[in-house]
Amino acid sequence: MGARAGAETEVRSLEETLAQRQLEWQREIEGEWRGLRANEPRIVLSRLASAFEDNQAAAAAVGVLHEEVSLIAVVPGVEVVPERKPTTTAKGNLSLKKLTKRETADVYKLVVCGHVLATLKECFATAPGISSARIVAVRAAGHGDDGRRRPEAVMAARVSRSALAGVRWQSVDAAQILSDAASELVATQRGVSKELQPLDVTQQPDLGTLLDAVDFDEMTGQG
């Protein structure tokens with residue numbers, strides 16, 4: 001009986017401990033949710049970091065001001081676009097046709113816009129109190145004197161949560177969606193092929209400051 005009574009006492013003690021921990025966890029969860037809804041920077045940035053860490057393409061939240069967050073999305077270089085596309089000859093035979101410079105530029109723009117939109121969608125799904133986001137798409141641009149890769153910006157945009165509501169994702173391409181949704185959109189295209197060019201940070205001092213603060217190798221897991 002003594003052993004049984006001791007075991008019952010231990011079980012009750014464990015149950016009380018677990019109940020207390022459950023209350024503490026619940027309070028912690030509720031407090032974090034309130035902070036997330038209120039856009040407390042520490043909580044929003046932490047939640048977004050967790051949401052982005054398993055993405056195939058790296059992304060990061062770098063600041064929160066009131067109901068707006070600043071984001072960085074890492075995009076691949078133009079080499080991600082294949083050189084050829086499947087087609088058929090006049091006789092109906094399968095063939096691979098080399099993409100023109102314009103076709104390559106168009107496909108690459110879709111890639112960049114797709115990465116931007118995917119990052120925005122995940123951001124708004126994760127942080128319910130955020131109503132708008134400023135996002136910069138960056139890619140690798142060679143190596144600096146210290147041997148680390150340097151980023152360059154190829155697109156910047158400001159998009160509100162409401163602008164993405166009701167978007168026909170399956171029937172409109174990423175470039176058109178971003179063009180329609182962005183209240184601000186900065187991109188530089190060159191020549192008849194409309195190739196995306198690095199943004200001129202001398203004309204965008206805030207952008208230059210942001211790029212200086214980015215550790216590209218760390219963001220992409222190659223630091």
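- Note that OG1 of Thr119 and CZ of Phe124 are 11.0 Å apart. Values are rounded to the nearest 0.5 Å.
- Between the side chains of Glu68 and Asn39, no donor-acceptor pair is found at a separation under 3.5 Å.
- Of the inter-residue distances, the one linking Arg168 atom CZ with Gln176 atom CD reads 9.5 Å to the nearest 0.5 angstrom.
- Rounding to the nearest 0.5 Å places OG1 of Thr104 at 11.0 Å from CZ of Arg84.
- Partners of Lys85 under the salt bridge (Lys or Arg N to Asp or Glu O under 4.0 Å) rule, at least two apart in sequence or in another chain, are Glu103.
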(request) Check step by step if side-chain contact (heavy atoms from CB on, under 4.5 Å) holds for Val138 and Leu210. (result) CA-CA 11 Å; Val138 302; Leu210 176 64; over 6 Å; no

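- For the residue pair Gln204 and Asp200, no side-chain donor N or O sits within less than 3.5 Å of a side-chain acceptor on the partner.
- Put simply, the side chain of Arg158 never gets that close to the backbone of Ala182: no donor and acceptor are under 3.5 Å apart.
- The distance from atom CG of Leu120 to atom NE2 of His115, rounded to the nearest 0.5 Å, is 13.0 Å.
- Distance check: Gln197 CD to Gln189 CD gives 9.0 Å after rounding to the nearest 0.5 Å.
- Within the 3.5 Å criterion, the main-chain N or O of Ala175 finds no donor-acceptor partner in the side chain of Ser179.
- No option in Val62, Leu45, Leu65 other than Val62 meets the side-chain contact (heavy atoms from CB on, under 4.5 Å) test with Ser70.
- Using a 4.5 Å cut-off on side-chain heavy atoms (C-beta onward), Phe52 and Thr126 make no contact.
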(request) Given side-chain contact (heavy atoms from CB on, under 4.5 Å), test Thr87 with Leu96 step by step and report yes or no. (result) CA-CA 6 Å; Thr87 186; Leu96 290 175; over 6 Å; no

(request) Start with the C-alpha distance between Val172 and Val167, add both sets of side-chain angles, then the distance that settles side-chain contact (heavy atoms from CB on, under 4.5 Å), and finish with yes or no. (result) CA-CA 8 Å; Val172 184; Val167 168; 5.7 Å; no

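- The two residues Leu36 and Arg47 make their nearest non-hydrogen contact at CD2-NH1, 3.6 Å.
- For the residue pair Leu178 and Cys113, the shortest heavy atom distance occurs at CD2-SG, 3.8 Å.
- The two atoms that bring Ala140 and Arg149 nearest to each other are CB-NH1, 3.9 Å, heavy atoms only.
- Closest of all the heavy-atom pairs between Ala105 and Ser193 is CB-O, 3.1 Å.
- Atoms CG and CG, from Asp173 and Asp106 in turn, are 9.5 Å apart once rounded to the nearest 0.5 Å.
- Surrounding CD of Glu184 are more than 12 heavy atoms belonging to other residues, nucleotides or ligands, all under 6.0 Å away.
- With hydrogens and angles left out, the side-chain atoms of Glu67 and Ser131 include a donor and acceptor closer than 3.5 Å.
- In this structure, Leu199 and Leu207 have side chains that are in contact, with non-hydrogen atoms separated by less than 4.5 Å.
- Of the residues Leu185, Val136, Thr188, Val186, the one that meets the side-chain contact (heavy atoms from CB on, under 4.5 Å) test with Met155 is Leu185.
- Ala163 and Ala181 make their closest contact through CB-O, 3.4 Å (heavy atoms, listed as atom of the first residue, atom of the second, distance).
- The main-chain N or O of Ala58 is never found under 3.5 Å from a side-chain atom of Asn55 such that the two would form a donor-acceptor pair.
- Every residue two or more places apart in sequence or in another chain was checked for a salt bridge (Lys or Arg N to Asp or Glu O under 4.0 Å) with Arg161, and none qualifies.
- Leu110 and Val74 fall into different hydrophobic clusters, where Ile, Leu, Val, Met, Phe, Trp and Tyr residues are linked whenever their side-chain heavy atoms come under 4.5 Å apart, directly or through other members.
- Residues Arg139 and Pro151 fail the side-chain proximity criterion, which asks for heavy atoms closer than 4.5 Å.
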(request) Could you walk me through whether Trp169 and Leu164 pass side-chain contact (heavy atoms from CB on, under 4.5 Å), step by step? (result) CA-CA 10 Å; Trp169 298 101; Leu164 294 181; 4.1 Å; yes

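- Ion pairing between a basic and an acidic side chain is recognised when a charged N comes within 4.0 Å of a carboxylate O; Lys109 and Glu195 show no such pairing.
- None of Val44, Ile135, Val69, Val159 except one satisfies the side-chain contact (heavy atoms from CB on, under 4.5 Å) rule with Cys123; the exception is Val69.
- A pairwise comparison of heavy atoms in Leu71 and Ala133 identifies CD1-CB, 4.0 Å as the closest pair.
- No side-chain heavy atom of Leu99 sits under 4.5 Å from any side-chain heavy atom of Pro82.
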